[in-house]
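See below for the structure under consideration.
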There are 2 protein chains.
Amino acid sequence: MGVERAAAGTSAGRKQQQRSILTQQKLLDAAIAAFSTNGFMGTSTRDIAERARVHHPLITYHFKNKGELWRAAANRIFREFNISLVKAMAEVPEIDPKARAEAFIRTYVKHSFGHPALHKIILQESSYPSDRLDWLVATHLKPLYAMVSGHLVKLQELGIAPPGNPALLYNMIRVSAGGLLALGLEVKGTSNINFDDQAQRDELAEMIIRTFLPGNLPAQH
Amino acid sequence: MGVERAAAGTSAGRKQQQRSILTQQKLLDAAIAAFSTNGFMGTSTRDIAERARVHHPLITYHFKNKGELWRAAANRIFREFNISLVKAMAEVPEIDPKARAEAFIRTYVKHSFGHPALHKIILQESSYPSDRLDWLVATHLKPLYAMVSGHLVKLQELGIAPPGNPALLYNMIRVSAGGLLALGLEVKGTSNINFDDQAQRDELAEMIIRTFLPGNLPAQH
DNA sequence: CGTATTTAGTCCAGATTGGAAGGATTAGGC
DNA sequence: GCCTAATCCTTCCAATCTGGACTAAATACG
């Protein structure tokens, strides 16, 4: 997994050099930044190379072409997100569904701010049909929803989350965190909110929890 | 107001011809469609002209340049939205704040689906700083928020809307409607939701109301 | 030290860009 | 029904950018 060199299949030869994986990292960082602000079509390989301070034909060398680079970038974004998620969820007791949901939301919000590309890429690709969107949905988005869906329904049954179509609810929560982030610049201009401020980020997380998980766990006995 | 011909200032001459305003309309429609899916930079004037089935130099003639065309498009989007809003609010009794808020949300959702560009344009422009974003915020977004803000605080005081920073709440509501719409293609792929279905749109509106306006009006006496 | 891997440097053929210029056409006012 | 301003069509351009191919130099690994 991870970053794979796309050059000729020389699996028997020497091992990958250090500087190679370094430039790959630089290219991925740059690609994520560029793609998430300008979209796939709006980004040129030259722009990416420039951001990475690397000569642009190296993209071809390391990633075969622009499309593969995009996919590698998306993979990294979601891999990192999944790691965050797994780590956070491991710290919460299995038996308390509300606490788990809260931890999920806090992690989601926190990670989103640290890695805005997570949402921006999705938004960019959602604006028109493409193979990339199909791939994104099939590879990353659908599995994520599948993982969360069951828990969400359970929260609704317990009266913790508001009733209604769970898919709608899931997406409302998602955009409340990620969509707001994507609108960061606009929100900053329109109201007095500035998500550079850690306190305001925390406030958003708590607000989402308060709004979407208003109920309490029924008393045990 | 409205569409203004940007050609040489011949205010004393004849009046605007019918076919002129027709092509302007066609260009505006096409511009809105193009800009909202591909963003300002990702859209070429030729693309717009092609969609409008009009020769591309006519853009220069009617709107001076690409930037002015974008502004005219944005103006039309928001003008139409405001008209929808005013019309809907006129039908709700002034004294019932919850009913007014519900009507606002229903109108917002309904209009968003009929005119997806309203949100897509904002999202497109929010992804990086630009004069266009500044203009959008100052001209349309900030006034809208200023109009709503007071009412929202009142709803919170009445216990109808959840407590917390009203600006955050406002934006959460906004993206729950518009952001979901912008993600339409993705949501369709990920879950079983299809916003082409009127019933699912209504369900979204009701869900937003249920979630963001959970409280009831205190009994009068 | 040799060799496979990685990088630098060049080049390309084509497409696209926003916009200018000038002649043809149409419609509105008289 | 004409005359003229308003509108439209056609053509052109110069600049820039596109993704990617190709070769030679440089570098690090074994």
Side-chain angles (χ1 to χ4, degrees), chain A residues 3-28 30-31 34-35 37-73 130-132, chain B residues 3-28 30-31 34-35 37-73 130-132:
Chain A
V3 181
E4 254 167 286
R5 216 188 46 250
T10 50
S11 51
R14 301 186 182 178
K15 82 172 185 185
Q16 193 180 25
Q17 296 185 8
Q18 272 302 318
R19 57 177 180 165
S20 167
I21 79 165
L22 190 78
T23 59
Q24 284 183 348
Q25 291 302 334
K26 285 196 289 186
L27 277 173
L28 278 180
F35 284 136
T37 71
N38 296 326
F40 181 82
M41 295 204 311
T43 301
S44 70
T45 55
R46 281 176 159 83
D47 176 24
I48 294 171
E50 214 165 294
R51 291 175 188 243
R53 297 171 176 282
V54 146
H55 286 260
H56 89 271
L58 286 184
I59 289 178
T60 312
Y61 177 73
H62 284 287
F63 297 95
K64 174 99 178 144
N65 59 37
K66 190 182 174 186
E68 288 298 315
L69 174 57
W70 183 89
R71 243 168 51 159
S130 73
D131 291 347
R132 289 182 302 284
Chain B
V3 181
E4 253 168 285
R5 216 188 46 251
T10 51
S11 51
R14 300 189 182 176
K15 81 173 184 185
Q16 192 180 25
Q17 295 185 9
Q18 272 302 321
R19 55 177 181 166
S20 166
I21 79 166
L22 191 76
T23 58
Q24 285 184 348
Q25 291 302 335
K26 286 196 288 186
L27 278 173
L28 277 181
F35 284 137
T37 71
N38 297 326
F40 181 83
M41 294 203 312
T43 301
S44 69
T45 55
R46 281 176 159 82
D47 176 24
I48 294 171
E50 215 165 293
R51 290 174 189 244
R53 297 171 175 283
V54 146
H55 287 256
H56 91 270
L58 286 184
I59 289 177
T60 313
Y61 177 72
H62 285 287
F63 297 94
K64 176 101 178 141
N65 58 37
K66 189 181 173 186
E68 288 297 318
L69 174 57
W70 183 89
R71 243 168 52 159
S130 73
D131 292 346
R132 289 183 303 283

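Computed from a predicted structure; not experimentally measured. Labels below follow one simple rule: chain letters A, B, ... track the order of the sequence lines, proteins then strands, and each chain is numbered from 1.
- Taking 4.0 angstrom as the limit, B/T60 places none of its side-chain polar atoms (N or O) nearer than this to OP1 or OP2 of C/dG19.
- Using a 4.0 Å cut-off, some side-chain N or O of A/T45 falls inside it from OP1 or OP2 of D/dG19.
- The aromatic rings of B/F35 and B/W70 sit perpendicular, their planes meeting at an angle over 60°, well past the 30° parallel limit.
- Protein atom NE2 of B/H56 is 8 Å distant from nucleotide atom P of C/dG18, rounded to whole Å.
- Between atom OG1 of residue A/T45 and atom CD of residue A/E50 there is a gap of 10.5 Å, rounded to the nearest 0.5 Å.
- Residue B/H55 is classed as a base contact, given a heavy-atom separation below 4.0 Å to a base.
- Listed pair B/T23 / D/dC8 meets the phosphate criterion, a side-chain N or O lying under 4.0 Å from OP1 or OP2.
- In this structure, the separation between CG on A/L69 and CG on A/L28 is 6.5 Å, given to the nearest 0.5 Å.
- At whole-Å resolution of the value, NZ in A/K64 and P in D/dA21 are 7 Å apart.
- Rounded to a whole Å, the CD1 atom of A/I21 is 16 Å from the C1' atom of C/dT7.
- Nucleotide D/dT7 holds its P atom 16 Å from the CD1 atom of B/I59, rounded to whole Å.
- Put simply, CD1 on B/I21 and NE2 on B/H62 are 11.0 Å apart, with the number rounded to the nearest 0.5 Å.
- Residue B/F35 contributes atom CZ, which lies 9 Å from atom P of C/dG18 at whole-angstrom precision.
- Distances shorter than 4.0 Å separate some side-chain N or O of A/S20 from OP1 or OP2 on C/dT6.
- Of the side-chain N and O atoms in B/H62, one or more sit less than 4.0 angstrom from OP1 or OP2 of D/dC8.
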